[in-house]
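Everything on this sheet refers to the single structure shown next.
Source: prediction; values computed, not measured.
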Amino acid sequence: MKAAMLLCVLSSSLSACAEPLTVDEVLAKVREGTGRAHLPAAGVRMTGTTEFLGLPEDCTLTMTGSGSFILEQSGKVPFTRAVGAKGPWMVDIGGEVRRLFLGDAEEARLLAAACTGCWMDSPACVPLDLSVDAAKGNENRLHLAFTLRDGVTHGDISIDTHTWRPAEWTMQAGSRTEVLTFIGDLMVDGAWLPRQIVEVGQEGATSTYTFTAATPAPAFFRSPYEPASLTPRDITFDPAVPAALESRRAKTGHALVKVLVDGKLGWFIFDTGAGGTVIDAAFADQVGLTPFGSVQAVGVGGAVTTTFVRPKAFTVGPATQAEALLTRLDLSRIAKAMGEKIDGVVGYNIMHRTIARLSTADGSVSLHDPAKFDDHGIRWYPLIVYDRHACLEASFEDHTGVFKLDTGAGTQPVSMHFPAVERFKLLEGRPLKDASAGGVGGNVKMKSGTLAWLEIGGRREENVPATFAIEPKGLFANPFTLGNLSLKQVGPRDLVFDYAGGRIAFPDRATAAPAK
């Protein structure tokens, strides 16, 4: 770590400047103030409570000084975040167990680093480039600016100079900011731990973890920092039901599939761009589902606050998920724009538990049991699940990066995200017109134009219609992905998604079941 900047630290009792400190000297003081040398070798376990998504939950934080970390929440919406020897992973709110990539991974690694304290003395744990931020220093706080090496996230670590303990971490990636605040004292064998951690995330969503006890970690038969299994246990497949779903194509190009929610029929958009399964509020009321909790649904234009419901059975073709977590949302605006009755959106939850084949020709969809799927003759490409969305590598105009693949975008042009537009100067040298994109949360200002070429899964197309975000807002402000792709860019091929297996294929069109 380089001591790139110096700070004249003010004493709380003196108005004169003390000797300036380097980064290494600050770290030495923080190690002493937190009692790092006294941290139990096997780690610690903290127990307490939290309020998560508007619901009370029990929580357990188990961690080691070397950076292994698992924060488990148990209640009506269980949730786990962890960092182990194989990297970061989570048990998502819908019960999906998955490895983390891109922004999900950076967020988890920095959360673990901040809580375990490994950032002080183990650059291999989380490689931070640190400097003392003299512009923010005062008599009570010293600030370390940091940048995650080989990452996008940067931010600030605020140190209380009375105790020489971290008081707050601010982390930024694009337009997204997360703040961790550490309050109070818990001591274990002379090592300091916070009594309370307040996490303020996207759009101001806040979780407060209050710990009542901290002890040396117990001995484990297996590492708690690695998942026991990545296979969901809440999905069943009926072999008597065909894999081909009852489906039809909307006028906007969206694939609509028949869904049974506690036995009641609805028509749902089949959408890889949906980070969860959504049920229209009016349809949820017809089914008789009771809303609970509080969640922010983030869309193209921003976020709206809504609730959850849990039907006993959510059935899509041969697949039935028990006690599926659905987001209850008013979809009337989307339904009106599409000219269709829309009862919900099938998204990440079902995609994670099945292998799905989607025809770009007629919108027909089939769902398969991953344990029995025959992939003979299929060429697979890497698929990344990031922010609960399907992402893949694509190239355009001599640039290569990760794009979100959003089947819910119908036949929309390529949508380039604001950070990519800025970084590659995509507005320069091409004819453009005013445009906009709309969805959950409102609209985003865009420009429309053409990409010289775009290549996906071995297929290149020239003169590709595209839109370019010109304001950092909603999903189009994401710095980890270059843009959104729709079915239009995939071309005359089918799509096969294997979320859990981390792979995607683009086989020739299969003979599809008749649309219904």
Task: Neighbour count >12 (heavy atoms, 6.0 Å) for atom CZ, Arg379 - done: no
Open item on the list: Taking atom CD as the centre, does Glu397 end up with more than 12 heavy-atom neighbours from other residues, nucleotides or ligands that are less than 6.0 angstrom away?
Closed with: yes
Taking the side chain as everything from C-beta on, heavy atoms only, tell me whether [X] gets closer than 4.5 Å to [Y].
X: Ser436; Y: Lys445; result: no
X: Ser415; Y: Phe403; result: no
X: Val126; Y: Leu110; result: yes
X: Pro194; Y: Leu186; result: no
X: Ile456; Y: Leu392; result: yes
X: Phe506; Y: Val490; result: yes
X: Ile70; Y: Thr60; result: no
X: Phe476; Y: Phe418; result: no

Check for a donor-acceptor pair, side chain of [X] on one end and backbone N or O of [Y] on the other, with a separation under 3.5 Å.
X: Arg430; Y: Thr450; value: yes
X: Thr64; Y: Ser68; value: yes
X: Asp92; Y: Gly95; value: no
X: Arg195; Y: Asp185; value: yes
X: Glu178; Y: Glu107; value: no
X: Thr116; Y: Ala112; value: yes
X: Arg36; Y: Gly65; value: yes
X: Glu25; Y: Thr22; value: yes
X: Glu57; Y: Gly75; value: yes

- [ ] If a pair satisfies side chain to side chain donor-acceptor pair (under 3.5 Å) and one of its residues is in residues 210-229, list it, with sequence neighbours excluded.
- [x] Arg99-Glu226, Gln196-Thr210
Task: Pairs meeting criterion side chain to side chain donor-acceptor pair (under 3.5 Å) with involvement of residues 76-86, two or more places apart - done: Arg81-Glu199, Arg81-Tyr209
Open item on the list: Before you tell me yes or no, could you show the steps for Thr206 and Thr208 under side-chain contact (heavy atoms from CB on, under 4.5 Å), namely the whole-Å CA-CA distance, both residues' side-chain angles and the distance that decides it to 0.1 Å?
Closed with: CA-CA 7 Å; Thr206 302; Thr208 300; 4.1 Å; yes
When you compare the side chains of [X] and [Y], does any donor N or O come within less than 3.5 Å of an acceptor on the partner?
X: Asn349; Y: Glu96; answer: yes
X: His389; Y: Thr272; answer: no
X: Arg165; Y: Thr34; answer: no

Open item on the list: Against Asn484, only a single residue in Gln489, His417, Lys404 fulfils side chain to side chain donor-acceptor pair (under 3.5 Å); can you say which?
Closed with: His417
TODO: Applying side chain to side chain donor-acceptor pair (under 3.5 Å) between His143 and each of Asp156, Asp133, Thr170, report the one that passes.
DONE: Asp156
Which heavy-atom pair separates [X] from [Y] by the least distance, and what is that distance?
X: Asp189; Y: Pro216; answer: OD2-CG, 4.0 Å
X: Cys391; Y: Val402; answer: CB-CG1, 3.5 Å
X: Arg98; Y: Asp387; answer: NH1-N, 4.4 Å
X: Ile350; Y: Thr277; answer: N-OG1, 4.3 Å
X: Ala42; Y: Ala217; answer: O-CB, 3.5 Å
X: Val414; Y: Val464; answer: CG2-CG1, 3.8 Å

Open item on the list: For Ser395 and Glu455: C-alpha separation, side-chain torsions, deciding distance, then whether side-chain hydrogen bond (donor to acceptor under 3.5 Å, both in side chains) applies.
Closed with: CA-CA 5 Å; Ser395 300; Glu455 184 172 318; 5.9 Å; no
TODO: With ring-ring contact (aromatic ring centres under 6.0 Å, His included) as the test, would you mind laying out the steps for Trp169 and Phe146 before giving the verdict?
DONE: CA-CA 10 Å; Trp169 279 58; Phe146 74 83; 5.4 Å; yes
TODO: Run the numbers on Met171 and Leu180 for side-chain contact (heavy atoms from CB on, under 4.5 Å), then give the verdict.
DONE: CA-CA 8 Å; Met171 296 168 275; Leu180 294 174; 3.6 Å; yes
TODO: Begin from the C-alpha positions of Arg310 and Leu326 and carry the test side-chain contact (heavy atoms from CB on, under 4.5 Å) through to its verdict.
DONE: CA-CA 6 Å; Arg310 276 196 193 273; Leu326 311 182; over 6 Å; no
TODO: Report the relative orientation of the aromatic rings in Trp192 and Phe182; use parallel for angles under 30°, tilted for 30 to 60°, perpendicular for over 60°.
DONE: perpendicular
- [ ] Look at the rings of Tyr348 and Tyr499 and say which category their plane angle falls in: under 30° parallel, 30 to 60° tilted, over 60° perpendicular.
- [x] tilted
Task: Nearest-0.5 Å distance, CD1 of residue Ile197 to CD1 of residue Ile183 - done: 10.0 Å
- [ ] State which residues pass side chain to side chain contact (heavy atoms under 4.5 Å, CB included) with Pro88; sequence neighbours excluded, sorted by chain then number.
- [x] Val83, Leu100, Ala105, Ala108, Arg109
